[in-house]
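Contents: one structure, followed by commentary.
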Amino acid sequence: MNGDIRVRFAPSPTGYLHVGSLRTALYNYLYARKVGGKFILRIEDTDRTRFVEGSVENLLKTLKNIGLEYDEGPEKEGEYGPYFQSERTELYKKYADELINKGVAYHCFCTKEKLDKMRKEQIANKEDPKYDGSCRKLTESEVQEKIKKGESYVIRLKIPLEGEITFYDLLREKVTFPWNMVDDQVLMKSDGYPTYHLANVVDDHLMKITHVIRGEEWLSSVPKHLYLYRVFNWKPPKMLHLPLLLNPDKSKLSKRQGDVAVEDFLNKGYLPETLINFVALLGWHPKGDRELFTLTELVKEFSLKRINKAGAVFDIEKLNWMNAHYIRHLKLDYIINRSRTYFEQAGLDISDDKKYKKIITFARERVSHLDDIIRQSMMFFGDLEFSEEDKRLFSQKTSQKIFLYWIRELNNKNEWSDEEINNLVKKSSEELEIKGKDFYFPLRLALFGSSHGPDISIIIGILGKDTAVSRLKNCINPE
RNA sequence: GUCCCGUUCGUCUAGUGGACUAGGACUCAGGAUUUUCAUUCCUGCAACAGGGGUUCAAUUCCCCUACGGGAUACCA
């Protein structure tokens, strides 16, 4: 029905996928899926000075890992490619020339040094820092002469000098900017690459983008963009500027105050399900109180109208809670598979499937991100280490009695069910007349390495009879 | 500085001109369950930025102030 709706996610490859960008991508994705439109990925790699080797691959991988599939983009060519701006420079040049010919753009030969100096003086004089437009006045022959001499130049847009522009943002109704606040934007840099503003407008038009959904940091650039649409005589897309994601101190979410790279979260064992769910709720909320959603459910619920206007603090505590929830409630096999890599990294042997499964069943209740699952499982591998205090507890008569009793009983059989172990717990406690803490603490400590923890039956179920017995023997006093 | 955007518990948010004693979630505190730990469950703490209007009535509409954020690059 809305097959003509086309949205895009247009990151620049400067390192990693930021969680803020993830949210932008997600909202674009959700909207496209909701209305049956197309979701396009375009790489905005026009700044070669900030380009980071490998970051495109990284970005594609992260998008894939998180489960956001695009309809057109790198490695998935559609009708409107290429989807790398660096491969479209001829196009931008063509359109920039067109603007020059129309008289709405001009060559500017001002050096960076000159511009920096101008800006500093303007600030010192309490003027608005702005290009003074000196190259606007150059005649055609002056321009040609400078070009012939090999002077480097940029192409600037001739922004109207007075009046104002009003446009409609899907979130905030009317927004008005006075033109004298808008600078003569550089369209083509001296290295022959376009700036964001030109490339973005040209590509959005050529790629038939109908809705631009992006971060609020672009709101004040809208006048430039709309002016470009006007002088090209193109129909502008609808615009929607998302509120920013914030640090706890309310500044723009940044690396300095914690993780912001999606891949880092993924590596730490935050599940894609969590990240999607959590980030979706930062600045958007469906009707009602529900907050746990799968991607598919989000698509069903999503509506641009319910996006908030105010910035949202990225609260790691709530992320942790949600991730812990998913770790506990998603399919066990899924968590088992996702956890494997952490055990491998730690060099722990998980070749015994049954044992490994039991460990995950136990440990998933106690972690909020998967890389922590190792700390919760260590005690089932290798030898336990005990403090002096632990050893004092072991050497108590009652402790020794418990250990001897259990070694003897356990050795009667090779396979023990949970129920049998629980019965043995009861029986031994009664027969030895040792109860509560005095009974459980030494036993659990000897088997598990901590006096607090799961049921004895769970511990022995994971360790197996042989390991359990050998751990108990280890705590028997020599005399 | 200037322009633009925003403002409900500490945080994410729901909400409507009167049903609001402002709802949910996270955190925190207390309790129940559990031998202990974790889980689970219950209870509690906690907000409409301030000031003016409009109205019979404003958290909800308008204006101002304050505060926060964004932009002000040959970065995106």
Side-chain angles (χ1 to χ4, degrees), chain A residues 10-14 21 44-47 49-50 85 108 110-112 115-116 119 122-123 125-131 152-156 164 169 171-172 175-178 180-183 185-197 199-200 214-223 241 243-244 246 248-252 278 281-292 306 308-322 324-325 328 362-367 376 425 429 435-441 443-445 448 450-456 458:
Chain A
S12 48
T14 52
S21 305
E44 309 226 321
D45 53 351
T46 55
D47 183 358
T49 60
R50 292 209 311 162
Q85 290 188 327
C108 171
C110 297
T111 62
K112 205 163 169 104
L115 294 172
D116 285 344
R119 202 165 10 246
Q122 285 167 334
I123 292 168
N125 295 335
K126 306 214 165 177
E127 293 167 37
D128 299 335
K130 210 182 152 194
Y131 180 58
S152 96
Y153 64 86
V154 301
I155 295 176
R156 284 182 188 271
E164 57 183 35
D169 179 273
L171 279 193
R172 39 210 120 215
V175 182
T176 300
F177 283 87
N180 63 18
M181 287 306 299
V182 182
D183 212 347
Q185 183 60 50
V186 172
L187 264 18
M188 291 293 284
K189 300 181 253 186
S190 54
D191 64 2
Y193 280 85
T195 58
Y196 171 89
H197 308 281
N200 196 263
R214 85 246 271 198
E216 195 184 342
E217 68 267 30
W218 294 110
L219 189 61
S220 44
S221 299
V222 171
H241 292 86
L244 266 8
L246 274 23
D249 70 359
K250 303 259 184 188
S251 57
K252 191 173 167 182
F278 182 72
L281 261 22
L282 253 28
W284 171 85
H285 204 281
K287 278 200 182 93
D289 291 335
R290 213 216 316 181
E291 23 189 27
L292 263 8
R306 297 189 62 88
N308 291 141
K309 295 188 190 73
V313 172
F314 188 89
D315 179 14
I316 195 90
E317 295 282 358
K318 188 151 185 179
L319 208 221
N320 283 339
W321 162 78
M322 192 178 277
H325 174 87
R328 285 195 293 273
F362 156 79
R364 79 194 305 209
E365 297 287 325
R366 317 175 170 244
V367 296
Q376 298 297 338
V425 166
S429 174
K435 286 188 291 194
K437 213 164 90 150
D438 296 332
F439 177 81
Y440 285 99
F441 276 26
L443 188 54
R444 190 180 283 112
L445 186 61
F448 184 69
S450 165
S451 50
H452 299 289
D455 291 346
I456 303 298
I458 289 179

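Just so it is clear: chains get the letters A, B, ... in the order the sequence lines come, proteins before strands, and each one is counted from 1. Everything quoted here is computed from the prediction, not taken from an experiment.
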Presence of A:Arg328 side-chain N/O under 4.0 Å of B:rU40 phosphate oxygens OP1/OP2: yes

Just how far, in rounded Å, is P of B:rC12 from CG of A:Asp289? 17 Å

Between the base of B:rU72 and the side chain of A:Arg119, is there a donor-acceptor distance below 3.5 Å? no

Can you tell me how far C1' of B:rG10 sits from CG of A:Asp315, to the nearest Å? 9 Å

A:His285 NE2 to B:rU13 C1', straight-line distance once rounded to whole Å: 5 Å

Find the distance A:Asp169:CG to B:rG70:P and express it as a whole number of Å. 17 Å

What's the gap between B:rC41 and B:rU27 when it is taken at their P atoms, as a whole Å value? 12 Å

What does A:Arg364 touch in the nucleic acid at a heavy-atom separation under 4.0 angstrom: a base, only the sugar-phosphate, or nothing? nothing

Select base, sugar-phosphate, or nothing to describe what A:Arg366 touches, counting heavy atoms under 4.0 Å on all strands. base

Please report the distance, rounded to the nearest Å, between CG in A:Asp249 and P in B:rG69. 8 Å

Scan every strand shown for a Watson-Crick or G-U wobble partner of B:rC3, both distances under 3.5 Å, and answer none if you come up empty. B:rG70

Students often get this wrong, so: under 4.0 angstrom with heavy atoms, is A:Thr176 touching a base, only sugar-phosphate, or nothing? sugar-phosphate

Lys/Arg N to Asp/Glu carboxylate O, A:Glu291 vs A:Lys318, below 4.0 Å: yes

May I ask you to say what A:Lys250 touches in the nucleic acid, namely base, sugar-phosphate or nothing, with a heavy-atom cut-off under 4.0 Å? sugar-phosphate

Contact class for A:Asp455 vs. all strands (heavy atom < 4.0 Å): base, sugar-phosphate, or nothing? base

Of the options B:rC12, B:rA76, B:rG69, whose atoms approach the side-chain atoms of A:Ala312 most closely? B:rC12

Counterpart base for B:rC61, defined by Watson-Crick or G-U wobble contacts under 3.5 Å: B:rG53

With P as the reference atom in both, quote the distance from B:rA58 to B:rC26 in angstrom, rounded to an integer. 35 Å

For B:rU40, which nucleotide in any strand shown is its Watson-Crick or wobble partner with both distances under 3.5 Å? B:rA32

Assign A:Val154 to base, sugar-phosphate, or nothing according to its heavy-atom contacts below 4.0 angstrom with the strands shown. base

Assign A:Thr14 to base, sugar-phosphate, or nothing according to its heavy-atom contacts below 4.0 angstrom with the strands shown. nothing

Atom CG of A:Asp183 to atom P of B:rU2: distance rounded to whole Å? 18 Å

Nearest whole Å is fine: how far is B:rC37 C1' from A:His452 NE2? 7 Å

Scan A:Tyr440 against the nucleic acid and name what it touches under 4.0 Å (heavy atoms): base, sugar-phosphate only, or nothing. base

Could you tell me how far apart A:Lys309 (NZ) and B:rC5 (C1') are, to the nearest whole angstrom? 11 Å

Would you indicate what A:Glu317 reaches in the nucleic acid, counting non-hydrogen atoms under 4.0 angstrom: base, sugar-phosphate, or nothing? sugar-phosphate

